[in-house]
Amino acid sequence: MGLSYDWNREIATCNPKYYRWEQLIFLQMLKKGLVYRKETTVNWCVDCKTVLAREQVIDGACWRCDQPVQPRTMHGWFFKITDYAEELLQGLDTLTGWPEKVVTMQRNWIGKSQGMSCDFPVENSNEKITIFTTRPDTIFGVTFMSLAVEHPLIDALIRGKEQENEVRSFIEETLIEKQRATVDQEPEKHGSFTGAYCINPFTGERVPIYVANFVLMEYGTGAVMAVPAHDERDFEFARKYNLPIRPVVQPEGVTLKADIMQEASLEPGVLIDSGDFTGMDSEKAKKAIIEFAEQKKFGGPHITYRLRDWGISRQRYWGAPIPIIYCDKCGIQPVPEDQLPVILPGADDPDGPHAPLHQQEDFIATTCPTCGGPARRETDTMDTFVESSWYFARYTSPRNEQAPLDTEAASYWLPVDQYIGGVEHAILHLLYSRFFTRVLRDLGYLNIDEPFSNLLTQGMVIKDGSKMSKSKGNVVDPSELIDKYGADTTRLFSLFAAPPERDLEWNAQGVDGSSRFLNKVYRLIIANESCFSVDASADIAALDTVNGGLYRKTHQTIGRVTDSIENNFHFNTAISAVMELVNQINTVTTKDSKTSISPFVLKFSLETCLLLLFPMVPHFCEEMWEYTGHATVLDKTTWPDFDPQAAREEKITVVIQVNGKVRSRIEAGADIDNLQMEELAMTDERTLQFLKGKKPKKIIVVKGKLVNIVV
RNA sequence: GCCCGGAUGGCGGAACUGGUAGACGCAAGGGACUUAAAAUCCCUCGGCACUUGCGGCUGUGCGAGUUCGAUUCUCGCUCCGGGCACCA
């Protein structure tokens, strides 16, 4: 296809020369407290036999193999991306070169919520339950408390109570249900009373504590103050278990009554039955209530993010091994930096052992770096998204043997001016890379905050109803088209089909047109070969209509093509602009051959075609450039200059409307003023017919464009 | 359910900040050249109708509105695509 890559900078992320640095970065992050290990419920892909990060689960299925994922409890390593949540959010505002769509998706993914945290003391106990809420204004409407089944306090709450067995079996059932749950359906809400109560610090009221299947341990605190009157989920739960519903925010013009409410009221309004806060506007009340909690030291303002830490453990037989050693005596030990890289077994041997690492005893057995005793290696490998999170930075010093990055080189090249990728990475790769850039900055390797200044998200190519992708295998091999038409026609055709950001249903119909077009350019050059040997100049001002018109059209085309490419990579319109120019050259050299075509203008226009088409059609243009006797190659020739003066039309078409409908078009000089335009319109015969002698009420003149006569 | 996009001829797609809708190309039909074919060139190509005329009406998913004028702006729908989804 004639793509130009600098192979001197080639890197392979599966090569130990690359991932040794990744392992080093891991260790440095570990030292900085940005890596930790924990046991959680993870997304397990049955087919890939590995854990997946949350953003790698698409519609409940693995992003890679499309198989459904299941929850599973296991240990894994995590990157503390949440430490950077606020910065990643703030940074979005600086990404002016990114599509708004991607910025919005990331903003939603980070999911910042501002609200209040508040402690509810447990009755007859020293424990307290901390909740997070975005609706502190509804705190007087709390009628029960819901805990996630995984909440650590449950055990203490139920021990010895008559409800103990019931709650325990409820938790067990819920956990099993969660394992089975498919993502597309929310299970019905269930709960179980713990027998325990906590105290609403604002009212002093006893609040019954429930365990509920819909409360997420991973978000907020795993405990929710339930306000059924003002929260849909609490409402549903309250109705099911006959718990009281107490409205405390009255929206304007509505009177909420607990017994007749059909659904929770989410509207803002005025507080009722809310102690000292009664009568306050709900927005104001939010602030006042948070302040009150802060003063009394049982709560305060709090921010929660939806973003979770990035689970990077994978159980695949590929990826960079996580450089950790487990010693029975010394515990978890980082692999000393001078022992890096930890090499992935069998990676360089395609027929080698391709079992997951935990099945490879040779790999696992090692010695403890601290005590020298027998120890075991970590068998998880890193998510391959880790590798793609910093490769662009490694390109700036690809052979560096001393460090992952050469800060000086990285400062010179980064951030990446223009990044191109599919929208499917809007969150995954593009968020990880933004995170990693900051981590590398804080580790002292980079001095930028954002990796990519400008982002173009290209559309997907659809084939047979689903997106064309390597992993799906429904790709169209361009070599078929290349064999038949050549690489340039194939390039031209693909670029002409649609603007790059749009999805495109693949269809090779139309490729003939691109082929025909290049042939036409070729024929024009051959037929007018002689003009290239003439070293003529011309007095532009003295050109006749035909030559002057072509000269002008050529400059207009330079302007349009430059604009289309620079502005938004709309090669399709760039190409059609050149097509127009070529059509005009064709007309002028065949039809108008009676008038003498200036060799200078002809040469200029044909050369411009080659220059403008060069990015799209490099081989052909370079060949023609040489053929037409140029000493230097096109590749080293500068882009043509756009001269707006030369592109200016001498004549314009004045559109005349009567009551907004186009009735006539009149040619006029480009410098015509508004008064002249009006005069032109009012004396135009066709226009007068439509006026039928009526007096114009109003005449609107748009300079150089149109006259609208209202009668 | 919520948040983003999008909808223009038979098709892919143009139309700058409201100002000539359909650029450019494909497909289709007709014609020229040719013994024939390919290639090339010319013409037609949104719809409607009593088309005498270089003409008229209508038309950018649907319905309203703002405006002298709306593919473009506002409101309300329909359909399609994408993202999120018990996030308290």
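Reminder, nothing fancy here: chain letters follow the sequence lines and each chain counts from 1.
- Taking atom P on both B/G46 and B/A23, the two are 9 Å apart, rounded to the nearest angstrom.
- Judged by Watson-Crick or G-U wobble contacts below 3.5 Å, the nucleotide B/C68 has B/G19 as its partner.
- As rounded to whole Å, 13 Å separates atom P of B/G12 from atom CZ of A/Phe493.
- Put simply, A/Arg663 has a side-chain N or O that comes within less than 4.0 Å of OP1 or OP2 on B/C57.
- Less than 4.0 Å separates RNA chain B from no heavy atom of any residue of residues 642-650 of chain A.
- For A/Thr134, whose side chain is taken as the heavy atoms from C-beta onward, the closest listed nucleotide among B/A88, B/G56, B/C68 is B/A88.
- Using a 4.0 Å heavy-atom criterion, one finds that A/Asn519 contacts no nucleic acid atom at all.
- Rounded to whole Å, the separation between the C1' atoms of B/G1 and B/G12 comes to 36 Å.
- A/Glu678 meets the side-chain hydrogen bond (donor to acceptor under 3.5 Å, both in side chains) test with no other residue; sequence neighbours excluded.
- In this structure, A/Arg523 places its CZ atom 10 Å from C1' of B/C41, rounding to the nearest Å.
- A donor-acceptor contact closer than 3.5 angstrom is absent between the side chains of A/Glu501 and A/Thr457.
- Across all strands shown, B/G12 forms a Watson-Crick or G-U wobble pair with B/C24, both key distances being under 3.5 Å.
- Across B/U52 and B/A14, the matching P atoms stand 38 Å from one another, rounded to whole Å.
- With sequence neighbours excluded, the residues satisfying side-chain hydrogen bond (donor to acceptor under 3.5 Å, both in side chains) with A/Asn583 are A/Lys520.
- Across the protein-nucleic acid pair, A/Phe214 atom CZ and B/A88 atom C1' stand 9 Å apart, rounded to whole Å.
- Look at the C1' atom in both B/C73 and B/G19: the space between them is 14 Å, to the nearest Å.
- Checked against B/C84, B/A88, B/C3, the side chain of A/Ser113 finds its nearest nucleotide in B/A88.
- When the salt bridge (charged side-chain N to carboxylate O under 4.0 Å, His left out) test is applied to A/Glu529, no partner is found at least two apart in sequence or on another chain.
- Between A/Ile656 and the choices A/Leu680, A/Asp684, A/Val662, the side-chain contact (heavy atoms from CB on, under 4.5 Å) rule is met once, by A/Asp684.
- Distances from the side chain of A/Gln509 to the nucleotides B/C26, B/C3, B/C41 place B/C26 closest.
- On a pure distance criterion of 3.5 Å, no polar donor-acceptor pair joins the side chain of A/Lys697 and the base of B/C68.
- In this structure, A/Asp503 places its CG atom 9 Å from C1' of B/G82, rounding to the nearest Å.
- In this model, the phosphate group of B/C26 is approached by a side-chain N or O of A/Arg516 to a distance below 4.0 Å at OP1 or OP2.
- In this structure, A/Lys112 forms no cation-pi arrangement with A/Tyr305, as its terminal cationic atom is not both closer than 6.0 Å to the ring centre and no more than 45° off the ring axis.
- Taking the ring pair (Phe, Tyr, Trp, His ring centres under 6.0 Å) definition, one finds that A/Phe493 meets it with A/Trp506, sequence neighbours left out.
- Atom-to-atom, CG of A/Asn108 to P of B/G83 comes out at 13 Å; the value is rounded to the nearest Å.
- There is a side-chain donor-acceptor pair under 3.5 Å between A/Asp309 and A/Thr82.
- Only the P atoms considered, B/G69 is 15 Å distant from B/U20, to the nearest whole Å.
- Between A/Tyr522 atom OH and B/U40 atom C1' the separation is 16 Å, expressed in whole Å.
- The closest donor-acceptor contact from the side chain of A/Asn519 to the backbone of A/Ser515 lies under 3.5 Å.
- Across the strands present, B/C75 finds its partner in B/G63; the criterion is a Watson-Crick or G-U wobble pair with both atom distances under 3.5 angstrom.
- Glycosidic conformation of B/G30: anti, with the torsion beyond 90° of 0.
- Nucleotide B/A85 forms a pair with no other nucleotide shown, judged by Watson-Crick or G-U wobble geometry with both contacts under 3.5 Å.
- Taking the six-membered ring wherever Trp is involved, the centroid distance between the rings of A/Phe202 and A/Phe298 falls below 6.0 Å.
- Atom-to-atom, CG of A/Leu431 to P of B/G83 comes out at 16 Å; the value is rounded to the nearest Å.
- A/Phe620 and A/Tyr522 have tilted rings, their planes meeting at an angle from 30° to 60° on a 0 to 90° scale.
- Comparing the P positions of B/U74 and B/G5 gives a spacing of 11 Å, expressed to the nearest Å.
- When the C1' atom is compared between B/G22 and B/C45, the two are found 12 Å apart, to the nearest whole Å.
- Nearest-nucleotide assignment on RNA chain B puts the 5′-proximal partner with A/Gly513, out of A/Phe690 and A/Gly513.
- Distances shown here put a side-chain N or O of A/Arg306 below 4.0 Å from the OP1 or OP2 atom of B/A85.
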Seminar exercise, completed: Going 5' to 3' through nucleotides 17-23 of chain B and flagging B where a protein heavy-atom sits under 4.0 Å of the base, S where only the sugar-phosphate is that close, and - otherwise, we get --BBS-B
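- Toward the 5′ end of RNA chain B lies the nearest nucleotide of A/Lys101, the other residue of the pair A/Thr304 and A/Lys101 mapping further downstream.
- In this structure B/A49 sits in no base pair that meets the Watson-Crick or G-U test at under 3.5 Å.
- Here, B/G65 and B/G18 have their C1' atoms 15 Å apart, quoted to the whole Å.
- In this structure, A/Met579 atom CE and B/A14 atom P are separated by 14 Å, rounded to whole Å.
- The residue A/Val578 sits apart from the nucleic acid: no heavy atom pair falls under 4.0 Å.
- With values rounded to the nearest 0.5 angstrom, A/Ile110 atom CD1 is found 13.5 Å from A/Arg308 atom CZ.
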